[in-house]
S.K.: 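Mind having a look at this structure? Questions to follow.
First the proteins, then the strands, lettered A, B, ... as listed; each starts at 1.
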There are 2 protein chains.
Amino acid sequence: MRIGEVARKTGVKAETIRFYEREGILTAPPRTRSNYRDYGPDEAATLTFIRRARDLGFSMPDVRELLELSNEDDRSCAAVDSLARAHLDQVERKIAALQIMRDELSRMIASCEQDTISDCRIIDTLAASHGP
Amino acid sequence: MRIGEVARKTGVKAETIRFYEREGILTAPPRTRSNYRDYGPDEAATLTFIRRARDLGFSMPDVRELLELSNEDDRSCAAVDSLARAHLDQVERKIAALQIMRDELSRMIASCEQDTISDCRIIDTLAASHGP
DNA sequence: CTTGACCTTGTAGTGGCTACAAGGTGCATA
DNA sequence: TATGCACCTTGTAGCCACTACAAGGTCAAG
Ligand SMILES: [Zn+2]
Ligand SMILES: [Zn+2]
Ligand SMILES: [Zn+2]
Ligand SMILES: [Zn+2]
């Protein structure tokens, strides 16, 4: 099938698929007589794999690693697990950082009494209010 | 003071300060005889403002807007508030998205029983297990 | 006089796409 | 047959907010 169809089936845009090919993460498929990329089900499966991993926030290097590992059926999956655990860790850190942002933003917004800018607690907080 | 000192005082790296100047977000300071940038307390205050806003996750366009608004003392702070609220909203969306990631990752990791890759539930999930 | 910390400019790289531009191909319809 | 239209091709540049590096200038201490 052509790139547009595999794009629809996998949820990965055609431009992105070409990008993955350039980057070497997806092997180049055969071409039709008219030089169109001609994908089979294997490539579609790989793209689905990539999209799921990306949706879970794995970086492209992580995805590369996961793809390689996924082909080594007989090896232990310890490497997969530790990669996933490390990633979960990162996600949790990111959540924690964003929750701090959220709390600070909420406090700022709550403290503002809709006055003039010179009295605005939001501007005040940003300008100098806390810290040395 | 020179760029290194203001960098230390504000927590904004020298390279970043020069970058802000190129981008027009920070006005170019006077220069010493030897062509070094010579900052006063106002620029330092602006940089602190920028850093605090960035730490709270505001985008550079947002920061620009906030800086402009911060100079208009007599206007109502409604624009500031709505900008902050919109940003808080985005942060909350991001947290929600990351929590979904986290939960899915946790489930995947918990379901794996440290076997071979061909039996790994993490690889399975990525490859095809859920969805059409 | 040399060392080393600091400063200057400019350019290119990061991640992960996304958006063109300019042209070729394939199929349905008038 | 012609025409339109959707689709495909390549290559390049842009996005965000920096960050790194190269090649050189300046200044105070020892
Ligand atoms: Zn990761
Ligand atoms: Zn306010
Ligand atoms: Zn914002
Ligand atoms: Zn496993």
Side-chain angles (χ1 to χ4, degrees), chain A residues 1-26 28-40 43-44 46-67 87 90-91 94 97-98 101, chain B residues 1-26 28-40 43-44 46-67 87 90-91 94 97-98 101:
Chain A
M1 58 192 152
R2 297 190 299 187
I3 200 168
E5 193 182 342
V6 77
R8 271 187 301 280
K9 280 193 181 158
T10 62
V12 182
K13 293 185 184 167
E15 296 95 331
T16 307
I17 296 174
R18 284 191 282 258
F19 167 75
Y20 287 162
E21 186 184 316
R22 273 204 304 285
E23 295 294 293
I25 198 161
L26 189 69
R31 300 292 183 116
T32 67
R33 258 164 287 126
S34 52
N35 198 33
Y36 289 0
R37 286 171 180 81
D38 188 18
Y39 293 99
E43 282 101 338
T46 302
L47 281 168
T48 299
F49 186 104
I50 295 172
R51 194 182 59 68
R52 292 219 171 105
R54 293 287 303 133
D55 284 353
L56 287 170
F58 286 101
S59 69
M60 290 309 296
D62 281 355
V63 173
R64 243 177 243 270
E65 189 85 30
L66 287 168
L67 277 172
H87 181 54
Q90 271 205 0
V91 169
K94 217 175 221 170
L98 283 168
M101 273 188 205
Chain B
M1 59 191 150
R2 296 191 299 186
I3 200 168
E5 193 181 343
V6 77
R8 271 188 301 280
K9 279 191 182 158
T10 63
V12 182
K13 292 185 186 169
E15 296 95 332
T16 307
I17 297 174
R18 284 190 283 257
F19 167 75
Y20 287 162
E21 185 183 317
R22 274 204 304 284
E23 296 294 292
I25 198 162
L26 188 70
R31 300 292 184 116
T32 65
R33 258 164 286 128
S34 51
N35 198 32
Y36 290 0
R37 287 171 180 82
D38 188 18
Y39 293 99
E43 283 100 339
T46 301
L47 281 168
T48 299
F49 186 105
I50 295 172
R51 193 182 60 67
R52 292 220 170 104
R54 293 288 303 132
D55 284 354
L56 287 169
F58 286 100
S59 69
M60 289 310 294
D62 282 356
V63 173
R64 243 177 243 270
E65 190 84 30
L66 287 169
L67 277 172
H87 181 56
Q90 272 205 358
V91 170
K94 217 174 222 171
L98 284 168
M101 274 187 205

S.K.: Between the side chain of B:H87 and the main-chain N/O of B:L56, is any donor-acceptor distance below 3.5 Å?
M.R.: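 A pair under 3.5 Å: yes.
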S.K.: Between the protein and nucleotides 13-17 of chain C, which nitrogen or oxygen pairs come in under 3.5 angstrom?
M.R.:
unit_1: C:dG16; atom_1: OP2; unit_2: A:M60; atom_2: N; d: 3.4
unit_1: C:dG16; atom_1: O3'; unit_2: A:R54; atom_2: NH2; d: 3.3
unit_1: C:dC17; atom_1: OP2; unit_2: A:Y20; atom_2: OH; d: 2.8
unit_1: C:dC17; atom_1: OP2; unit_2: A:R54; atom_2: NE; d: 2.8

S.K.: What residues form a salt bridge (Lys or Arg N to Asp or Glu O under 4.0 Å) with A:E5, not counting sequence neighbours?
M.R.: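 With neighbours one apart ignored, the set is A:K9.
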S.K.: What parts of residues 32-39 of chain B reach DNA chain D, counting only heavy atoms under 4.0 Å away?
M.R.: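 Correct list: B:S34, B:Y36.
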S.K.: For B:R51, check side-chain hydrogen bond (donor to acceptor under 3.5 Å, both in side chains) against everything at least two apart and list the hits.
M.R.: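 Listed in chain order: B:D55.
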S.K.: For B:R31, which residues count as a side-chain hydrogen bond (donor to acceptor under 3.5 Å, both in side chains) partner, sequence neighbours excluded?
M.R.: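 Checked B:R31 against side-chain hydrogen bond (donor to acceptor under 3.5 Å, both in side chains); matches are B:N35.
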S.K.: My understanding is that only residues two or more places apart in sequence, or in another chain, count here; which of them pass side chain to side chain contact (heavy atoms under 4.5 Å, CB included) with A:K94?
M.R.: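 Checked A:K94 against side chain to side chain contact (heavy atoms under 4.5 Å, CB included); matches are B:L98.
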S.K.: Apply side chain to side chain contact (heavy atoms under 4.5 Å, CB included) to B:E23 and list each qualifying residue two or more places apart in sequence or on a separate chain.
M.R.: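 Partners of B:E23 under the side chain to side chain contact (heavy atoms under 4.5 Å, CB included) test: B:F19, B:R64.
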S.K.: Residues in side chain to side chain contact (heavy atoms under 4.5 Å, CB included) with A:Y39, at least two apart?
M.R.: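 If we apply the side chain to side chain contact (heavy atoms under 4.5 Å, CB included) test to A:Y39, skipping adjacent residues, the hits are A:M1, A:I3, A:V6, A:I17, A:E21, A:L26, A:P29, A:R37, A:E43.
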S.K.: Holding to side-chain hydrogen bond (donor to acceptor under 3.5 Å, both in side chains), I want the full list of residues that pass it with B:K13, two or more places apart in sequence or in another chain.
M.R.: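 B:K13 satisfies side-chain hydrogen bond (donor to acceptor under 3.5 Å, both in side chains) with no residue once adjacent residues are dropped.
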S.K.: Taking any atom under 4.0 angstrom from a heavy atom of chain A, which nucleotides of DNA chain D are the first and last to qualify, 5' to 3'?
M.R.: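 The contacted stretch runs from D:dC7 to D:dT10.
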S.K.: NA contact type, B:R18, heavy-atom cut-off 4.0 Å: base, sugar-phosphate, or nothing?
M.R.: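 Counting heavy atoms under 4.0 Å across all strands, the contact made by B:R18 includes a base.
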S.K.: To the nearest 0.5 Å, what is the distance between CZ on B:R54 and OG1 on B:T16?
M.R.: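 Answer rounded to 0.5 Å: 10.0 Å.
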S.K.: Restricting to non-hydrogen atoms, name the atom on B:L66 and the atom on B:A53 that form the minimum distance, rounded to 0.1 Å.
M.R.: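 Scanning both residues, the minimum pair turns out to be CD1-CB, 4.5 Å.
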